[in-house]
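First up is the structure itself, then whatever we jot down about it.
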Amino acid sequence: LLRRGKVDEEFFAELEAVLLQADVGPATTEKLLGRLKERVARERLVEAEVLKEALATEVLALFSSCRADLDLSARGVVYLVVGVNGVGKTTTAAKMAAHMRKEGIGVLLVAADTFRAAAIEQLETWGARLGVEVIRHGPGADPAAVAFDGLAAARARGYENVIVDTAGRLHTKANLLEELRKVRRVVEAGLDGRRLCSLLVLDATTGQNALHQAQVFREVVGTGAAVLTKLDGTAKGGVAIALVDRIGLPIALVGVGEGIEDLREFVPEEFVAALFG
Amino acid sequence: SLSERLQEIFRRLRGKGRLSEADVDAALREVRLAFLEADVNYLVVKDFIARVRARAVGKEILESLTPAQQVIKIVHEELTTIMGRAEAKLDRAAVPPSTVMLVGLQGSGKTTTAGKLGLYLRKQGRGVLLVAADLRRPAAVKQLQVLGEDIGLPVYVGTARDPVAVCREGVAEAGRRGLDYVLLDTAGRLHVDEELMAELEEIKAAVRPVEILLVADAMTGQDAVNVAKTFHERLGLTGAILTKLDSDTRGGAALSIRAVTGAPIKFAGVGEKLEQFEVFHPERIAARILG
Ligand SMILES: Nc1nc2c(ncn2[C@@H]2O[C@H](COP(=O)(O)OP(=O)(O)OP(=O)(O)O)[C@@H](O)[C@H]2O)c(=O)[nH]1
Ligand SMILES: Nc1nc2c(ncn2[C@@H]2O[C@H](COP(=O)(O)OP(=O)(O)OP(=O)(O)O)[C@@H](O)[C@H]2O)c(=O)[nH]1
Ligand SMILES: [Mg+2]
Ligand SMILES: [Mg+2]
């Protein structure tokens with residue numbers, strides 16, 4: 001793809017195909033191609049390779065206009081991990097805890113998904129594998145109560161970081177969003193000098209619905225950054241570009257597998273290279 | 001909505017008298033935009049628009065008093081042709097039990113769907129055994145056991161370390177108990193994971209399922225085509241189940257999956273509870289895609 005030498009309407013159609021098939025979405029795709037055409041006219045670009053490079057820089061410009069400055073090695077942070085069902089919250093919470101453990105940071109996991117079958121056991125299994133303590137109640141308990149106990153335990157036992165794993169919930173369910181608001185309030189009240197970082201976990205295979213998810217979760221829990229998971233598949237995760245362009249939500253981390261090491265910092269250059277690669 | 005946008009386009013064009021092919025193309029650009037926003041795959045959309053155009057660039061649109069309605073009608077008919085009619089029948093084996101394999105990407109809803117389908121069949125008076133064949137994900141077996149307890153269905157938990165053996169044993173167990181259906185809950189996997197796709201082929205060869213159902217998340221974007229195509233090529237899908245349709249996703253993945261595999265989407269997951277499961281209605285997804 002994109003190997004032709006000259007620049008013509010068909011070339012732009014091919015660029016459009018690459019962006020659309022990457023889930024960048026029609027609106028952001030149109031904006032990017034519009035900017036590219038302006039540059040072609042202004043800078044008199046004629047070489048296909050030069051144009052591709054120009055498009056890449058346009059995308060990188062978008063990413064640098066909205067950066068996440070998340071440092072997983074930071075101490076004194078409470079992470080609230082949220083998102084819709086099945087995106088990889090629990091696995092990501094475990095990966096984050098593993099990273100902190102390796103850095104010698106005292107980290108506590110909180111199993112605040114009290115709804116889904118065996119959700120608590122799932123996080124506990126990870127905790128046991130990592131040698132990380134997991135605060136939990138029984139299934140059906142009030143998630144806010146678990147969060148409260150989690151933050152209290154962190155204070156009592158001197159844990160630097162806390163990672164609160166929550167139940168998957170659709171952004172269209174008002175009662176579940178209300179439950180999440182309550183969990184956040186409880187967490188905020190128990191920070192004890194730590195900083196709160198709400199992370200939205202998004203699945204790279206998700207299409208334009210990711211934008212709706214981001215909009216709602218930000219309103220409800222003030223998610224400041226996202227984790228884009230399952231980038232080890234064939235989905236390109238182009239919604240990351242639309243998220244920066246239309247919602248102003250940056251990607252901080254990417255999930256690239258089911259293993260405990262498969263969590264990386266989001267690097268725009270790598271992302272763009274994979275997009276056009 | 002698409003029909004409102006088309007009305008607007010044709011209202012603006014009306015003033016110039018007779019419509020031209022170029023005018024129809026303007027309308028088709030609007031249809032294309034709606035489909036892409038609805039997550040229908042780029043190539044599926046391209047194909048679809050070509051089909052609609054072939055029908056629309058004819059007397060019926062160019063001389064119609066209601067061109068917007070005519071375009072919508074053609075779009076609707078073409079959608080219905082591709083999506084087919086509601087088809088929730090599960091095949092039955094010549095000799096019970098009938099084996100159903102649930103496959104798909106990580107987190108798409110397979111384990112929950114195994115419970116839902118089991119409950120659905122039990123309500124129809126069938127005897128069902130659930131088989132916990134995901135030996136990989138932490139507490140996956142426990143998850144299916146909890147669901148089984150909730151709905152009063154037996155769950156087979158093997159002692160073997162290998163999913164192929166567990167499936168074989170589970171099917172044998174269902175046979176011993178004289179049950180009608182045995183549902184295999186497999187581990188989520190990438191369609192590009194050679195080893196894990198080969199594992200599914202091994203399970204298929206070992207238990208000869210009458211149904212191999214792709215469990216896919218209704219929020220899936222462009223990648224739906226790659227996933228469906230690969231699972232279909234490797235295993236021969238007999239159908240699909242679309243989950244999380246209780247979200248506000250437009251569900252274009254449904255059209256993509258159907259278009260590239262020809263497999264019917266048999267059921268829809270419409271919530272987290274095991275009762276939230278229904279026969280898939282193609283006309284409803286058409287309405288969602290058209291917005
Ligand atoms: N390939 C791949 N799989 C992943 C990744 N992250 C998570 N998964 C898998 O996705 C599936 C769902 O992960 P979970 O961590 O249970 O997701 P969740 O968001 O906590 O799910 P709910 O709590 O049910 O809403 C599991 O099979 C994980 O192993 C990733 O980066 N790549
Ligand atoms: N809202 C909603 N959630 C659903 C639906 N179906 C499944 N879920 C949820 O989606 C999440 C993932 O479901 P699982 O059944 O664990 O998915 P899975 O495919 O078995 O995951 P892996 O085994 O890790 O590949 C859970 O939180 C389920 O409750 C649905 O129709 N609607
Ligand atoms: Mg979870
Ligand atoms: Mg499962």
Side-chain angles (χ1 to χ4, degrees), chain A residues 16-27 29-30 84-91 94 115-129 139 167-173 176 203-210 212-213 216 229-230 232-239 257-258, chain B residues 32-43 45-46 105-109 111-112 115 136-150 187-193 216-227 230 243-244 246-253 271-272 274:
Chain A
E16 186 195 42
V18 169
L19 294 174
L20 290 174
Q21 290 182 87
D23 284 313
V24 173
T29 296
E30 190 174 344
V84 304
N85 309 71
V87 294
K89 298 175 294 300
T90 304
T91 310
F115 171 77
R116 205 209 69 211
I120 297 169
E121 286 87 340
Q122 185 186 3
L123 191 64
E124 280 191 311
T125 302
W126 279 118
R129 284 184 194 178
R169 72 201 67 225
L170 292 182
H171 50 295
T172 47
K173 312 226 158 149
L176 299 184
D203 188 327
T205 67
T206 301
Q208 299 307 298
N209 198 253
H212 296 220
Q213 296 173 24
V216 173
T229 63
K230 309 179 194 172
D232 46 318
T234 52
K236 300 279 187 166
V239 283
E258 300 188 76
Chain B
R32 178 178 183 261
L33 181 60
F35 274 48
L36 289 172
E37 286 171 344
D39 286 326
V40 180
N41 180 270
Y42 174 82
L43 293 172
V45 174
K46 202 168 186 194
L105 294 181
Q106 292 88 348
S108 64
T111 305
T112 310
R136 207 165 276 114
R137 167 174 154 158
V141 170
K142 183 83 172 87
Q143 185 183 0
L144 193 63
Q145 282 180 308
V146 171
L147 295 181
E149 273 166 44
D150 287 348
R189 69 205 63 214
L190 295 177
H191 51 300
V192 289
D193 186 324
D217 191 324
M219 304 182 272
T220 309
Q222 298 289 308
D223 202 41
V225 143
N226 303 325
V227 178
T230 308
T243 64
K244 309 175 202 173
D246 44 319
S247 70
D248 57 353
T249 186
R250 300 277 296 281
E272 297 179 81
L274 298 184

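Reminder, nothing fancy here: chain letters follow the sequence lines and each chain counts from 1.
- Interface remark: B:N226 contributes side-chain atoms only to the contact with chain A (heavy atom separation under 4.5 Å).
- When heavy atoms are compared at a cutoff of 4.5 Å, A:E258 approaches chain B solely by way of its side chain, counted from C-beta outward.
- B:L105 touches chain A through its side chain: at least one heavy atom from C-beta onward sits under 4.5 Å away, while N, CA, C and O do not.
- Remark: B:Y42 OH to A:D23 CG distance equals 14.0 Å, nearest 0.5 Å.
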>> With side-chain contact (heavy atoms from CB on, under 4.5 Å) as the criterion, how do B:K244 and A:V84 come out once you've worked through the C-alpha distance, each side chain's angles and the decisive distance to 0.1 Å?
In response: CA-CA 10 Å; B:K244 309 175 202 173; A:V84 304; over 6 Å; no
>> With salt bridge (charged side-chain N to carboxylate O under 4.0 Å, His left out) as the criterion, how do A:E16 and B:K46 come out once you've worked through the C-alpha distance, each side chain's angles and the decisive distance to 0.1 Å?
In response: CA-CA 13 Å; A:E16 186 195 42; B:K46 202 168 186 194; over 6 Å; no
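- Distance check: A:H212 NE2 to B:S247 OG gives 10.0 Å after rounding to the nearest 0.5 Å.
- Comparing A:V239, A:T172, A:D203 by heavy-atom pairs within less than 4.5 Å of chain B, the highest count is held by A:T172.
- Of all heavy-atom pairs between B:A139 and A:A118, the closest is O-CB, 3.8 Å.
- When the candidates B:D217, B:D246, B:L147 are compared by the number of heavy-atom contacts under 4.5 Å with chain A, B:D246 comes out ahead.
- You'll find the side chain of B:L43 reaches within 4.5 Å of the side chain of A:Q21, heavy atoms only.
- Scanning all heavy atoms of the two residues, the minimum distance from B:L36 to A:P26 falls at CB-CG, 3.7 Å.
- Side chains of B:D223 and A:T234: a donor-acceptor N/O pair is present below 3.5 angstrom, by distance only.
- The pair B:R137-A:E121 does not count as a salt bridge, with every side-chain nitrogen at least 4.0 angstrom from each carboxylate oxygen.
- Contacts between B:R250 and chain A at a heavy-atom distance below 4.5 Å are absent for every atom of the residue.
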>> Between B:Q143 and A:R116, does the side-chain contact (heavy atoms from CB on, under 4.5 Å) criterion hold? Intermediate values first, please.
In response: CA-CA 8 Å; B:Q143 185 183 0; A:R116 205 209 69 211; 3.6 Å; yes
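- A:E30 does not touch chain B: none of its heavy atoms, backbone or side chain, sits under 4.5 Å away.
- Only the side chain of A:L176 comes within less than 4.5 Å of a heavy atom of chain B; its backbone N, CA, C and O stay farther away.
- When each of B:E149, B:Q106, B:E37 is scored by its heavy-atom pairs under 4.5 Å with chain A, the top score falls to B:Q106.
- Between the side chains of B:D39 and A:N209, not a single donor N or O lies within less than 3.5 Å of an accepting N or O.
- No part of B:D193 comes within reach of chain A, as not one of its non-hydrogen atoms sits under 4.5 angstrom from that chain.
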> Checking side-chain contact (heavy atoms from CB on, under 4.5 Å) for the pair A:T205/B:M219: CA distance, chi angles, key distance, verdict?
Replying inline: CA-CA 8 Å; A:T205 67; B:M219 304 182 272; over 6 Å; no
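- Interface remark: A:K173 contributes side-chain atoms only to the contact with chain B (heavy atom separation under 4.5 Å).
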